[in-house]
Structures are given as structure tokens and as C-alpha cells.
Amino acid sequence: MKISIIGAGYVGLVTGACLAFRGHRITCVDKKPEVVKAINTMRSPLHEPGLEDILRQAGQRGYLQAQTEIKSAVIDADVVIIAVGTPSCDQGIDLSHVLDCAREIGTALKEKQDYCVVAVKSTVVPTTTGTAVRAALEAGSGRKAGEFGLAMNPEFLREGNAVEDFMYPDRIVIGGFDQQSFSVMEKVYAGFDAPIVRVDLATAEMIKYASNALLAVLISYSNEIASICEAAGKIDVRDVLEAVTLDKRFNPRVQGELVNPGLISYLRAGCGFGGSCFPKDLSALAAFSRGRGYEPRILEAVLRINHDQPHKVTSALQRRLGSLDGRKIAVLGLSFKPGTDDVRETPSLPIITDFLAAKAEVVGVDPYACDNMSRIISPQENLTFTRDWKAALQGAEAAVLVTPWPEYMEISGETFRSLMKNVLIMDCRRVLNREPLEALGCQYLGIGLNIDEGLGDHG
Ligand code: UDX
């Protein structure tokens, strides 16, 4: 099939490259000439494992090309997929890119003879596709939905695993305006080994939000249990949640082996969730819900807990060290999770901001995210970024593990001791082994364990 994808960001490009790899003829459209140039020279404009490889293979077969202009891409296509951004705004999400794009697609449809389905892949709040997007397409084209097809096809791509998630989906959700829209969209995914969930447009939109909200609930639930453990004292949230997730309803045994479903990895205490989806999607769903007259209580609590969680870190260090004025602190990890250079909504930002307010000397370390981080918080007198964790730990009085990159989880107690001036390790992800560190005389502070205690209180 001929498929045009509007927006070659993270979602659009992964979708385009994977569908081209599957044998469709793909045109990616993006306003940014540098993105178009990168795609046409078979380079990935963004860091995502495996993407450049499939982009090259698809490009070499002539199945993938890019351009800046929408009109010819629409006129030529059987399916047009909208994959532009929906950033947060005061009212929830900013739909202007989606609607501008829908209007332009509509205008192009006016000159198109053949039937074509327009599918929204951008994350939009329920009813958007069937109302605002439909209206923009109808206004632009002078045709009624039905004369062209309309679908909503949400993505479930994790950064760092997006290619694999696309190629081996657990479900393909298709919201369709009518039977013909479904039939065409099913052809897009012919050959994928996954159940197709056929629903109406608004249900498809809601499925995306409900999926992300559930995962975020698990994280904030874990952090609430962590706070209760901290308040109680001498209860380690890690022991608690590990035992909770041995419940066979979460973690069944098959042929004697625990399945360890991915879901239980969201049931861990930490310094909060981040990234381009969870914070934005939860806020948007909450705003949508309020706009429809229902006050969302769980979503609000999840967001509040997530907001507060990183702010615990500075006060915990102050309780141990006293004033942080002029004291060097190494922040290990800047990206919102390992395996990506993405710093959007990363918990390391509020943590660093709090340290700077307490006049600490902060060194942020990350293997990939230093450049992106310097764009959201400029290096300054008391703040530097480096990829070199040894240099960051040298002479530091505290090391704060924020992003569990494997290389930071492997730093030994001996290494911490040999480099740091005062060996206080704050484990914001509960991924380090406390006992060997303490046996070497390192002080260990863990979220959901002992961050509420004063020096020497815990045993
Ligand atoms: C998420 C959804 O998982 C994906 O299905 C959706 O389409 C886009 O949003 P992504 O933002 O890449 O993808 O993040 P994910 O890997 O789910 O991480 C989100 C947050 O959960 C991060 O803050 C991360 O630290 C946390 N997380 C992630 C966990 O707590 N445990 C994990 O196992 C993975």
C-alpha cells in the first residue's frame, strides 16, 4: 500500500520505517528540511535502537522516502497517518499541529480522486478524531467523512524499544469511522502477528490514555507505599513490593518458572516517572475528565505523588549532611529512564534545581543526555554536566543515583570510596545493594527505606 505519514518525529518515523520494512511504500512528511535530508540519506535523525538499520534497509529497497510537502504525499496515498506532536498546554493538550495538518490534508483530498483513509496516530483526547479532526478534514476537502475514511490508531511504543514494540505488537487498536476505514487499516497491519482490537474512534483514543494511566498508577502506588514505609521506619519498600508481586495473579509460574511480566517492573519505588508520555497524558486525561464534569481523583493523586517524589531527595540529603552550601553532589543519570537521551519531564531536573537552590555544587552525569539536559537547564557556576562518572564522583560528598543506567549500578563500594570525599550514596531507584556498601563504610540512603531518618538512626 502507499502510506504517507505526516510528522517524522519519534512516532511517525518509527511507524514509517517499520511499515516500509514490512513492504509498504512510505512517504514521510516533515516540516524540518534536516529531518527530511537525514531520512533520504538513510540516517536516523533521532537515537532509537535498531531504527537506522531498518531505515537503511527500507531506503535501499526504495520503500521509504521523505519530503517537506504534504499535498503530493496525500494525493498519492491509500492511507495518510497523522503523527504530529500534541504538546501539553494549560487546557490539556495543544491540538493545533494535528488540526493544521488535518486541514492541509483536507485541502489536498479535494484534488484526489481515489478513496483514502486518514488515520490519527497522535495521542489525542477522546472524541477529538470524530469531531475536530473530522471537521477539519471535511472543511478542507468539501467532502463528508465516509467519502474518505477516518481512523484512530494509537501507538504503544516505548522509547528505547520502539522498533521492537512496533514490529511485535501485543495488540493493534483500530478505531474506525466505518467498515471501509476498518478494512483499509487492517490491510496496513496484514502480516502482523497480534490481535486487532476494533472499536469506535473515541474508544481507541481512550484505550491509549487508559493504558498509560494504569502504568503511571502503578508507579505512584509504589511511591506512596514507599512513603508509608519511610514514615513507619525500618520497613523496606523493596522487600514489601517484591513480596507483593510474587502473588501469582501478578506473576504466575509456568513450568516452575516465574513469568516476571513487564508490568511488575512498574511496581517499584523510585523518584517518579517522566518522559514524553506519562506526565503529559495523565494531565491531558485529567483535564479532559474535568472538562466533562467528572473530577478525576486517582489521576490527580498519581500526578501529585509524582510531583512530590523528586523533591524528597534534597531534604533527605540535608538531614544527613546539614547545609549543602558549596558541597559537591554527583547526580548519576539525567535521562528520564535508561536507554534514551530524552530528558523530557525527567525527575533529575527538579532534583538538580533543588540542589542548586540549596547552593550545592552539582555535577550531572549521563552517557547520552548531557547535551539535551544543557538545553533545559544551562550549565552555570554551580552546575556542570559530564559523561565521565569518575570525574563527577571525585571529591563529591554525595552521589545521587537518579537514572539506573547499568554502568552506574555496577559501581562498586570500593570505587565510591576511592573517589568520594564523603561516601553518602542516595539510591533513588533502589537498584544498589545496600549491605556490601554499608559493610565498606559507605552511608546508604534509599527511597522507601531510610530517607526520613537522621544520621545513625537505622539499623
Ligand atoms: C510509554 C508507554 O510505556 C508506551 O506504551 C506509550 O505508548 C508511550 O509512553 P515511554 O514513555 O517510552 O513509553 O516509557 P516507559 O518505558 O513506559 O517509561 C515511562 C516511565 O515509567 C518512566 O519514568 C520509567 O522510568 C518508568 N518505568 C519504565 C518503570 O518504572 N518501570 C519500567 O519497567 C519501565
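One-based numbering, in listed order, for ligands and for the atoms of each.
Without hydrogens or angle criteria, Asp30 side chain to Ala8 main chain gives a donor-acceptor distance under 3.5 Å. Formation of a donor-acceptor pair under 3.5 Å by the Thr86 side chain with backbone atoms of Thr123 is found in this model. Put simply, the side chain of Glu155 never gets that close to the backbone of Val11: no donor and acceptor are under 3.5 Å apart.
Remark: aromatic rings of Tyr368 and His47 are close, center separation under 6.0 Å.
Each of the atoms 8 (C), 9 (O) of ligand 1 lies under 4.0 Å from some heavy atom of Cys277. Listed by atom number, the atoms of ligand 1 under 4.0 Å from Ile219 heavy atoms are 21 (O), 26 (C), 30 (O). Below 4.0 Å from some heavy atom of Ser265 lie the following atoms of ligand 1, by number and element: 29 (C), 30 (O), 31 (N), 32 (C), 33 (O).
In summary, Arg344 and Glu159 engage in a salt bridge, as defined by a charged side-chain N under 4.0 Å from a carboxylate O. Looking at Arg319 and Asp452, a side-chain N of the basic residue comes within less than 4.0 Å of a carboxylate O on the acidic one, giving a salt bridge.
The closest side-chain donor-acceptor pair between Thr129 and Glu205 falls under 3.5 angstrom.
Geometrically, Arg22 engages Phe192 in a cation-pi contact, judged by NZ or CZ lying under 6.0 Å from the ring centre and within 45° of the ring axis. Taking the ring axis of Tyr444 as reference, the NZ or CZ atom of Arg434 does not stay both within 45° of it and closer than 6.0 Å to the ring centre.
Of the protein's non-hydrogen atoms, Phe278 CE2, 3.5 Å is the one closest to atom 19 (C) of ligand 1. Scanning the protein for heavy atoms near atom 28 (C) of ligand 1, the closest one is Tyr266 CE2, 3.5 Å. Nearest non-hydrogen protein atom to atom 12 (O) of ligand 1 is Glu159 N, 2.6 Å. Counting protein heavy atoms only, atom 7 (O) of ligand 1 is closest to Lys208 NZ, 3.0 Å. Protein heavy atom nearest atom 3 (O) of ligand 1, with residue, atom name and distance: Arg158 CG, 3.4 Å.
No more than 12 heavy atoms of other residues, nucleotides or ligands shown are found within 6.0 angstrom of CD on Glu257.
In Asn212, the part holding a heavy atom less than 4.0 Å from any atom of ligand 1 is the side chain. The parts of Phe336 lying near ligand 1 are both backbone and side chain, judged by heavy-atom distances below 4.0 Å.
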Before you tell me yes or no, could you show the steps for Arg158 and Glu164 under salt bridge (Lys or Arg N to Asp or Glu O under 4.0 Å), namely the whole-Å CA-CA distance, both residues' side-chain angles and the distance that decides it to 0.1 Å?
CA-CA 9 Å; Arg158 290 165 300 163; Glu164 194 190 318; 5.2 Å; no
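For the ligand labelled ligand 1, residue Gly275 lies outside the 4.0 Å heavy-atom shell. Using 4.0 Å as the threshold, Gly274 has a heavy atom nearer than that to some atom of ligand 1. The shell of residues lying under 4.0 angstrom from ligand 1, judged by heavy atoms, includes Glu155.
Note: no N/O pair closer than 3.5 Å links Arg429 and ligand 1 by distance alone. Note: an N/O pair closer than 3.5 Å links Lys337 and ligand 1 by distance alone. For Tyr10, no nitrogen or oxygen atom sits less than 3.5 Å from a nitrogen or oxygen atom of ligand 1, counting backbone and side chain alike. Checked by distance only, ligand 1 and Leu157 come closer than 3.5 Å through their nitrogen or oxygen atoms.
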